[in-house]
Chemist: 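Here you go, one structure.
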Amino acid sequence: MSWIIGVGGFYQPVVYGDTGHRIRQHALNRTRAVRHGLQPKVVVVPTASLHWAEYTEKQCAQRLRDLSDSLRLHGVAIEFFDPERAGMKPDACREKLVGFDMVVLPGGNTAAQVSVWKRVGFDVALRLALDAQDIVVFGGSAGMAFAYDEMLTDSAGQAADLQGIQGLGWIEGSVCPHYEVARRHSPDYPNSYPNMLERGEIRSAGIAVDSDAAVEYATQPERRPQLVAAYALRPGAGVRHVALKDGKAVHAPLEPAVAPLFAGDQAS
């Protein structure tokens with residue numbers, strides 16, 4: 001069995017500390033290597049970050065260095081892989097993933113990530129790896145949203161309007177990361193997630209995931225991944241189900257319930 005573990009995004013560490021440490025360790029604990037007492041091999045695929053218009057090249061490089069440093073705190077072997085610059089095709093991408101225990105997908109431009117992956121065939125390679133390889137796919141923001149039927153995104157930049165776009169359709173329904181941000185949830189904003197559901201611009205019910213909240217899916221070959229757990233990485237972070245009822249978007253508690261995964265909680 002493979003796993004998809006996605007985080008709605010992360011607050012700056014200065015506010016809550018490194019909220020990602022425990023969820024990264026949880027993801028690593030799911031890998032075959034850790035289960036067998038071995039050092040896990042991790043590949044970072046930064047397509048979304050490399051296409052984020054609000055990063056300069058220097059800022060993107062620093063972000064990826066910070067990610068690498070945080071992963072090395074867990075004692076893992078890390079490699080970076082950009083399938084677009086490598087000019088690879090699906091078979092070569094698939095071969096590249098062989099031997100890795102976890103694929104890490106940092107955030108950035110979701111729309112560009114999906115487009116690039118489809119063009120070079122990395123979407124096919126990653127899905128084949130999930131089906132055959134017993135791996136963990138771990139990502140945040142764009143690195144989690146791509147897998148759903150639909151998503152709400154600000155891929156054009158934070159100053160631009162939010163938009164609904166198609167994902168890869170692995171996970172049923174829609175998703176909105178960073179849901180605690182007012183323009184993503186408030187009815188006062190025309191392109192908030194609830195308003196776009198009500199107008200039919202996002203067609204499927206789904207989940208709203210705050211920054212510092214995470215969802216975990218178990219995957220099996222030729223089946224849609226199934227939600228098995230959700231986590232809060234800081235006090236107040238949450239995940240909600242959002243759907244239409246009598247034409248209005250309504251929120252409902254998530255099943256399974258969101259479990260705490262931060263300092264002072266009772267989670268293992």
Chemist: Is there a side-chain contact between I5 and V215 in this structure, where contact means two heavy atoms from C-beta onward sitting under 4.5 Å apart?
Modeler: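 Counting from C-beta outward, I5 and V215 never come under 4.5 Å.
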Chemist: Any side-chain heavy-atom pair from F10 and D212 closer than 4.5 angstrom?
Modeler: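 Yes. Closest side-chain heavy atoms under 4.5 Å.
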Chemist: Do you see a donor-acceptor pair shorter than 3.5 Å between the side chains of D66 and Q62?
Modeler: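 Yes, because at least one side-chain N or O of D66 sits under 3.5 Å from a partner of the opposite role on Q62.
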Chemist: Using 0.5 Å steps for rounding, measure from the CG atom of L28 to the NE2 atom of H26.
Modeler: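 Nearest 0.5 Å value for the CG-NE2 distance: 10.5 Å.
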Chemist: Could you check whether S174 and Y193, counting side-chain N and O atoms only, form a donor-acceptor pair closer than 3.5 Å?
Modeler: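 Their side chains do contain a donor-acceptor pair, which is all the 3.5 Å distance test asks for.
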Chemist: Check side chain to side chain contact (heavy atoms under 4.5 Å, CB included) between D134 and all other residues, then give those that pass, not counting sequence neighbours.
Modeler: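 D134: side chain to side chain contact (heavy atoms under 4.5 Å, CB included) contacts with R32, R35.
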Chemist: Please check if any side-chain donor atom of R199 sits under 3.5 Å from a side-chain acceptor atom of N191, or the reverse.
Modeler: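 Yes, N191 and R199 have a side-chain donor paired with an acceptor closer than 3.5 Å.
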Chemist: Under a 4.0 Å N-O cut-off, is there an ion pair linking R183 with D188?
Modeler: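 No, no charged N to carboxylate O under 4.0 Å.
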Chemist: State, to 0.1 Å, how close F262 and R22 come at their nearest heavy-atom pair, and which atoms those are.
Modeler: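 Result for this residue pair: O-NH1, 3.1 Å.
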Chemist: Output every pair passing side-chain hydrogen bond (donor to acceptor under 3.5 Å, both in side chains) with a member in residues 95-104, not counting sequence neighbours, ordered by first then second residue.
Modeler: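 The answer is E79-K96.
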Chemist: Minimum heavy-atom separation for R63 and S49, please, with both atom names.
Modeler: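 That would be NE-OG, 3.7 Å.
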Chemist: Taking side chain to side chain contact (heavy atoms under 4.5 Å, CB included) as the definition, give me every residue that meets it alongside A257, ordered by chain and number, with sequence neighbours left out.
Modeler: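 A257: no side chain to side chain contact (heavy atoms under 4.5 Å, CB included) contacts found.
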Chemist: Quick one: list whatever passes side-chain hydrogen bond (donor to acceptor under 3.5 Å, both in side chains) with T47, sequence neighbours left out.
Modeler: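 Here the qualifying residues are W117.
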Chemist: If we only count heavy atoms from C-beta on, is the L227 to E216 side-chain gap below 4.5 Å?
Modeler: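 Not in contact.
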Chemist: Taking atom CG of L105 and atom OG of S141, what is their separation to the nearest 0.5 Å?
Modeler: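 If we round to the nearest 0.5 Å, L105:CG and S141:OG are 11.5 Å apart.
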Chemist: Could you pull out all donor-acceptor pairs under 3.5 Å where a side-chain atom in residues 243-252 meets a protein atom, sequence neighbours excluded?
Modeler:
from: H251; atom 1: NE2; to: Y179; atom 2: OH; distance (Å): 2.7

Chemist: With the side chain counted from C-beta on, respond yes when F138 and I23 share a heavy-atom pair under 4.5 Å apart, and no when they do not.
Modeler: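 A side-chain contact exists here, since the closest heavy-atom pair is under 4.5 Å.
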Chemist: Please enumerate all residues that pass ring-ring contact (aromatic ring centres under 6.0 Å, His included) together with H51, with sequence neighbours excluded.
Modeler: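 H51 satisfies ring-ring contact (aromatic ring centres under 6.0 Å, His included) with no other residue.
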Chemist: Kindly write out the residues that satisfy side chain to side chain contact (heavy atoms under 4.5 Å, CB included) with R223, not counting sequence neighbours, or none if the list is empty.
Modeler: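 Partners of R223 under the side chain to side chain contact (heavy atoms under 4.5 Å, CB included) test: Q220.
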Chemist: How would you list all residue pairs meeting ring pair (Phe, Tyr, Trp, His ring centres under 6.0 Å) that involve residues 72-93, not counting sequence neighbours?
Modeler: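 Found H21-H74.
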Chemist: Indicate yes or no: at least one non-hydrogen side-chain atom of V239 is less than 4.5 angstrom from one of D210.
Modeler: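 Side-chain contact under 4.5 Å: no.
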Chemist: Would you name the heavy atoms of P106 and P46 that are closest together and state the gap between them?
Modeler: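 For P106 versus P46, the nearest heavy atoms are CG-CA, 3.8 Å.
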Chemist: Under 4.5 Å between side-chain heavy atoms, hopping through other hydrophobics if needed: is there a path connecting L73 to L64?
Modeler: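 No; tracing contacts between hydrophobic side chains, which count when under 4.5 Å, never links both residues.
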Chemist: For the residue pair W170 and Y217, is the inter-centroid distance of their aromatic rings smaller than 6.0 Å?
Modeler: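 That pair fails the under 6.0 Å test.
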Chemist: Report the residues that fulfil ring-ring contact (aromatic ring centres under 6.0 Å, His included) with H241, sequence neighbours left out, ordered by chain and then residue number.
Modeler: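 Partners of H241 under the ring-ring contact (aromatic ring centres under 6.0 Å, His included) test: none.
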Chemist: Quick check against the 3.5 Å criterion: does Q226 have a side-chain atom that pairs as donor or acceptor with the backbone of T219?
Modeler: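 The answer is no, because no donor-acceptor pair under 3.5 Å joins these two groups.
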Chemist: Verify side-chain contact (heavy atoms from CB on, under 4.5 Å) between V104 and V45, making sure each step is shown before the conclusion.
Modeler: CA-CA 6 Å; V104 173; V45 182; over 6 Å; no
Chemist: Rounded at 0.5 Å granularity, tell me how far CG in D154 sits from CG in L162.
Modeler: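 Atom-to-atom, D154:CG and L162:CG are 6.0 Å apart.
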Chemist: As an exercise, state the distance from CD1 of I171 to CE of M151, rounded to the nearest 0.5 Å.
Modeler: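 I171 atom CD1 to M151 atom CE measures 10.5 Å (nearest 0.5 Å).
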Chemist: Which atom pair, heavy atoms only, marks the closest approach of R30 to V136?
Modeler: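 Residues R30 and V136, closest heavy atoms: CB-CG2, 3.7 Å.
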Chemist: Backbone N or O of T153 within a donor-acceptor pair of the Q163 side chain at under 3.5 Å?
Modeler: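 No; judged by distance alone, with no hydrogens or angles, the pair does not exist.
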Chemist: Which heavy atom in R94 sits nearest to a heavy atom in A132, and how many Å separate them?
Modeler: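 Heavy-atom minimum between the residues: NH2-CB, 3.9 Å.
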Chemist: For V124, what are the other residues in its hydrophobic cluster, where any two members join if their side-chain heavy atoms are less than 4.5 angstrom apart?
Modeler: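 Direct or chained contacts put V124 with L128.
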Chemist: Do side-chain atoms of R234 reach the backbone of S211 as a donor and acceptor pair under 3.5 angstrom?
Modeler: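 Flag set: sc R234 to bb S211 pair under 3.5 Å.
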Chemist: Are a donor atom and an acceptor atom from the side chains of H185 and S192 found within less than 3.5 Å of each other?
Modeler: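 No - no donor-acceptor pair under 3.5 Å links their side chains.
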Chemist: Under 4.0 Å between a Lys/Arg side-chain N and an Asp/Glu carboxylate O for R203 and D149?
Modeler: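 Answer for the salt bridge query: no.
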Chemist: Would you please name every residue forming a salt bridge (charged side-chain N to carboxylate O under 4.0 Å, His left out) with E180, sequence neighbours left out?
Modeler: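 Checked E180 against salt bridge (charged side-chain N to carboxylate O under 4.0 Å, His left out); zero matches.
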Chemist: Which pairs count as salt bridge (Lys or Arg N to Asp or Glu O under 4.0 Å) when at least one residue sits in residues 115-131, sequence neighbours excluded?
Modeler: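 Applying salt bridge (Lys or Arg N to Asp or Glu O under 4.0 Å) to every pair that reaches into residues 115-131, excluding sequence neighbours, yields E84-R119, R127-D131.
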